[in-house]
Amino acid sequence: PPPPPPPPRSYTNGPYIVAADMAAGEVPLNEWAISGQRFVYIGTKDQALQGRCLTVPEPNQQLTSALALKTVRPTSNADTKYVHIDTPVHPEGLDSAVLLVRAGETVDVVAGVHVCCQNCTESVPGTPACPLVSQTPYKSVPLPVVSEALTSANIGVSDILEHATQHQKFWWEFWSASEINLGPNFGLLEKFYYNMQYMVGSGSVVDAMAPALWGPWITTDTPGWNGDYTLNYNFQAIYYGVFSSNRAHLVLNYFDIINQFIDLGQWRTTLDWGAAGGTPGLPGQFVNMFVRWPDADARHDTPNNNASNSTSHLRGINFPGHFSGLKHLYFPNDMGQRSDAAFCGLHYIHYYDYTRNESFLRDVAYPYLTQVAEFYESYAVWNRTRNCYEILNSCAMEECSVQGLKPGEASNNPPFDLGPAKYTFRKVAEYAKILGVDSAKIPIWENFAATLAPFPATTDPVSGKPVIGSQDNMDPGAFPSKGFPGNARYPIVFFMAIHPGEGVSLSSDPLLLERARNTVDIVNALNWWSPTNGLCMAWPSGSRVVSSATQLLNSFTSALNATLQPNFWPQIDNRPTGGSGCPMEQAGATVAVDDLLMSSHEGFIRFFAGGWPAGGHVVSFKNLRAEGAFLVSAQAVSDPASENVVLQDVTIESTVGGVCKVKEPACMRDEHMCIATNDGTAVPTTVVNASQRVLAFNTTRGSVYSVHKCGHV
């Protein structure tokens with residue numbers, strides 16, 4: 001019998017998978033091949049004749065989700081849908097194009113489009129059509145309905161529709177989680193912020209393997225650093241910004257990687273760390289071991305408690321410097337940095353503090369963090385002269401490089417250990433009280449948090465200002481300067497005291513805060529706020545001790561102008577020395593933007609810590625997440641002539657209940673700050689910090705509260 005007639009060119013009341021067999025000539029590719037690229041225009045005949053424009057060069061602004069090579073996808077632009085086929089590698093073209101037609105939707109297919117000259121944009125309705133490079137007549141293309149097109153892969157139409165629905169749902173929820181508006185002068189920074197959110201959202205999928213240095217974008221069989229999970233900042237930095245941006249779930253696969261190596265970390269602390277000649281063998285190899293113990297001043301206990309042998313007395317966990325995604329494949333040593341497991345533990349703290357997920361705290365975070373605390377309990381030694389616990393023989397930089405150590409000198413009390421250790425001791429004591437466990441350990445942990453050595457201090461050799469050192473007794477000449485850039489490329493050796501070690505904030509002792517600000521400003525001036533090892537190292541500490549948002553925002557923008565590629569990934573080389581960094585960790589810089597808008601790491605919510613650049617501009621944010629599991633939204637208008645801001649429409653949503661603490665904004669001090677429910681009912685508040693004007697109020701789960709000047713609901 002003769003073949004059935006083709007279906008009409010208009011399809012209604014889908015869903016259908018509609019395909020054209022291009023190889024069979026149903027779509028005459030030779031009629032509309034432009035510069036090696038092919039386009040299928042989906043729309044009405046009238047639209048096709050109106051001179052609607054598709055730009056030839058990539059990125060194609062009209063095709064907001066265009067895919068290259070063998071994959072095509074329908075996308076929307078106003079009332080027009082496009083399928084874009086780009087074939088620079090496939091000059092012979094593709095065999096088919098697939099269009100998803102939804103229920104109740106009617107489309108016509110036009111083969112042959114108005115294609116504009118390069119760099120043109122779509123004509124605005126009512127204006128002349130854009131110049132034409134090529135045009136083919138309108139042609140009705142009979143596209144068959146394909147219901148079994150993918151049966152060989154055991155995938156049917158319903159599966160494709162389900163995947164498409166889930167895809168759209170994921171991104172809708174992802175972009176609805178929070179938003180920021182930085183005003184008219186910081187568009188580049190805002191674009192970078194959103195692109196970094198997209199990168200983490202694309203690369204970190206719950207129930208899939210966590211992204212490593214290069215995420216899923218591996219373009220070679222030999223990626224830098226083997227594309228592994230590097231534990232002395234790279235892996236952790238990916239997730240710095242997911243908590244405050246209200247996307248905390250993206251960190252869950254991080255815990256899967258870390259948890260599978262807990263047994264390894266426990267085993268490593270049972271090893272003989274002082275083997276013959278101070279050189280232990282694999283697989284328990286450590287760098288910069290205890291060969292320098294006891295210290296020359298003979299005031300410190302030795303790590304084996306003066307025992308006649310060197311058998312380890314350590315407890316808890318110690319990690320090597322690199323993991324893979326496979327449990328039994330890992331780097332053999334810690335590169336002298338005892339802090340890796342503690343550094344890994346910081347996100348266990350963040351996830352609980354930002355979500356208040358108590359089952360996660362009980363079953364996941366607390367068991368891990370107590371192992372970190374046990375390690376430092378057994379590793380730290382008491383200095384009877386200084387009356388403090390010290391962390392000795394631990395490197396700030398890998399293998400203590402560029403720390404300015406003299407021959408035979410040990411790296412003692414680096415911020416790289418002190419920051420995470422102090423933070424961990426504070427938190428395990430707090431969490432034990434929440435869970436009602438380990439009451440005997442609480443005073444021990446609180447004592448360690450209070451009596452660990454202070455952050456090391458030194459002097460900037462150029463300005464003479466006090467700064468934070470990378471270890472005790474740091475020679476000022478080893479602090480970064482133009483003549484000796486040192487670790488300006490890896491500034492976390494200093495900044496760990498501030499972020500992510502949470503040891504210095506705007507609430508700190510003024511002298512310590514001054515030292516931290518000096519450190520941030522001097523070191524970041526040398527690396528142009530874009531150090532070789534990443535924006536994630538330079539920016540967050542700046543925001544944590546901010547004195548001027550204007551200065552920071554301008555510095556961030558300058559760094560982006562110098563490093564951003566067209567795809568918004570920074571390419572940072574030799575700033576000021578030594579190689580290049582990796583892409584995924586750059587996303588960690590976004591927490592610095594959030595902190596300038598709203599921060600909560602001090603134990604209370606603070607708005608616009610450094611003010612905002614003058615100019616009378618509107619800046620806003622929606623649903624940034626604060627510690628305590630609060631979603632905070634606000635709008636502010638900057639003063640025309642100063643960095644002061646006037647807050648408007650401030651709301652706080654409590655997702656789990658509990659006490660919320662808020663620092664009174666400067667713009668409300670004349671009449672003071674009040675809290676009200678959505679219906680305007682006043683909420684009682686208590687002053688919990690008079691010097692900083694921090695107020696606390698009780699919340700109920702799911703309730704939304706407004707923050708306003710008293711008498712101005």
Side-chain angles (χ1 to χ4, degrees), residues 64-65 164-183 186 189-208 210-211 215-216 236-255 347-357 360 536 539-540 543 568 584-601 605 607 619-636 649-658 660 699 701-705 707:
T64 56
S65 300
T165 300
Q166 292 302 315
H167 173 83
Q168 293 174 345
K169 180 175 183 289
F170 172 87
W171 287 110
W172 174 261
E173 292 176 348
F174 183 87
W175 292 121
S176 299
S178 67
E179 63 184 57
I180 64 167
N181 168 23
L182 302 182
F186 300 103
L189 178 59
E190 189 173 309
K191 288 180 180 179
F192 167 77
Y193 178 94
Y194 280 117
N195 274 271
M196 291 298 100
Q197 302 290 339
Y198 173 75
M199 183 172 71
V200 180
S202 299
S204 186
V205 180
V206 177
D207 298 326
Q236 297 90 331
I238 296 171
Y239 302 99
Y240 286 166
V242 302
F243 306 100
S244 55
S245 72
N246 196 26
R247 299 177 176 94
H249 64 284
L250 295 177
V251 79
L252 293 175
N253 52 20
Y254 166 93
F255 303 126
H347 286 330
Y348 290 77
I349 295 172
H350 298 148
Y351 187 78
Y352 171 71
D353 282 357
Y354 280 86
T355 66
R356 294 298 179 185
N357 183 327
F360 173 84
C536 57
W539 293 13
S543 291
F568 286 89
M584 287 299 295
E585 63 219 36
Q586 308 300 338
T590 59
V591 70
V593 178
D594 290 341
D595 280 347
L596 290 179
L597 300 169
M598 185 280 299
S599 63
S600 61
H601 55 275
I605 293 170
F607 295 98
V619 58
S620 63
F621 59 89
K622 180 179 179 181
N623 287 345
L624 292 185
R625 182 173 282 264
E627 291 187 10
F630 301 105
L631 299 181
V632 186
S633 304
Q635 178 175 288
D649 303 323
V650 182
T651 62
I652 299 174
E653 178 183 350
S654 176
T655 64
V656 298
C660 181
T699 71
R701 180 175 182 173
S703 296
V704 179
Y705 303 85
V707 180

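For clarity, every value in this text was computed on a predicted model and none was experimentally measured.
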Is there a side-chain contact between I180 and Y194 (heavy atoms, below 4.5 Å)? yes
Partners of E173 by salt bridge (charged side-chain N to carboxylate O under 4.0 Å, His left out), sequence neighbours excluded? K169
Do V707 and T651 pass the side-chain contact (heavy atoms from CB on, under 4.5 Å) test, and can you show the C-alpha distance, the side-chain angles, and the key distance before you say yes or no? CA-CA 6 Å; V707 180; T651 62; over 6 Å; no
With a cut-off of 3.5 Å and sequence neighbours excluded, list every side-chain donor-acceptor pair involving residues 620-631.
{"residue": "R625", "atom": "NE", "partner": "N246", "partner atom": "OD1", "Å": "2.8"}
{"residue": "R625", "atom": "NH1", "partner": "Y354", "partner atom": "O", "Å": "2.9"}
{"residue": "R625", "atom": "NH2", "partner": "N246", "partner atom": "OD1", "Å": "3.1"}

Over all heavy atoms of both residues, which pair between T355 and A248 is shortest? Give the atoms and the distance, please. CG2-CB, 4.0 Å
Taking the side chain as every heavy atom from C-beta outward, state whether F243 and V251 have any pair of such atoms under 4.5 Å apart. yes
Would you give the length of the straight line joining atom CZ of R356 to atom CZ of R701, rounded to the nearest 0.5 angstrom? 14.0 Å
Side-chain heavy-atom pair Y705, C660 within 4.5 angstrom cut-off: no
Could you go step by step and tell me if N181 and V619 meet the side-chain contact (heavy atoms from CB on, under 4.5 Å) rule? CA-CA 5 Å; N181 168 23; V619 58; 5.7 Å; no
Atom pair OG (S244) and CE (M598), whose distance is rounded to the nearest 0.5 Å: 7.0 Å
Separation of Y352 OH from F360 CZ (nearest 0.5 Å): 11.0 Å
Non-hydrogen atoms of G658 and T699 that approach each other most closely: O-OG1, 2.6 Å
Got a sec, which residues hit side chain to side chain donor-acceptor pair (under 3.5 Å) with Y239, two or more places apart in sequence or on another chain? N253
Here the gap from S202 atom OG to M584 atom CE, rounded to the nearest 0.5 Å, amounts to 8.5 Å
Side chains of Y254 and L252, heavy atoms from C-beta outward: is any pair under 4.5 Å? no
Would a 4.5 Å heavy-atom cut-off, applied to side chains only, mark S543 and W539 as touching? no
Is any side-chain heavy atom of L189 closer than 4.5 Å to a side-chain heavy atom of L182? yes
Hey, what do you get for OG (S633) to CD (E653), rounding to the nearest 0.5 Å? 8.5 Å
Check whether any side-chain heavy atom of Y351 lies under 4.5 Å from a side-chain heavy atom of F255, and answer yes or no. yes
Residue set satisfying side chain to side chain donor-acceptor pair (under 3.5 Å) with E190, at least two apart, ordered chain then number -> none
Evaluate ring pair (Phe, Tyr, Trp, His ring centres under 6.0 Å) for W171 paired with Y198, printing each intermediate quantity in order. CA-CA 9 Å; W171 287 110; Y198 173 75; 5.1 Å; yes
Return the set of residues passing salt bridge (charged side-chain N to carboxylate O under 4.0 Å, His left out) with D594 (not counting sequence neighbours), or none when no residue passes. none
Sequence-distant partners of Y240, side chain to side chain donor-acceptor pair (under 3.5 Å), two or more places apart: none
Of all the heavy-atom pairs spanning F174 and G201, show the shortest one and how long it is. CE1-CA, 3.5 Å
dist E585:CD -> M196:CE (nearest 0.5 Å) comes out at 11.0 Å
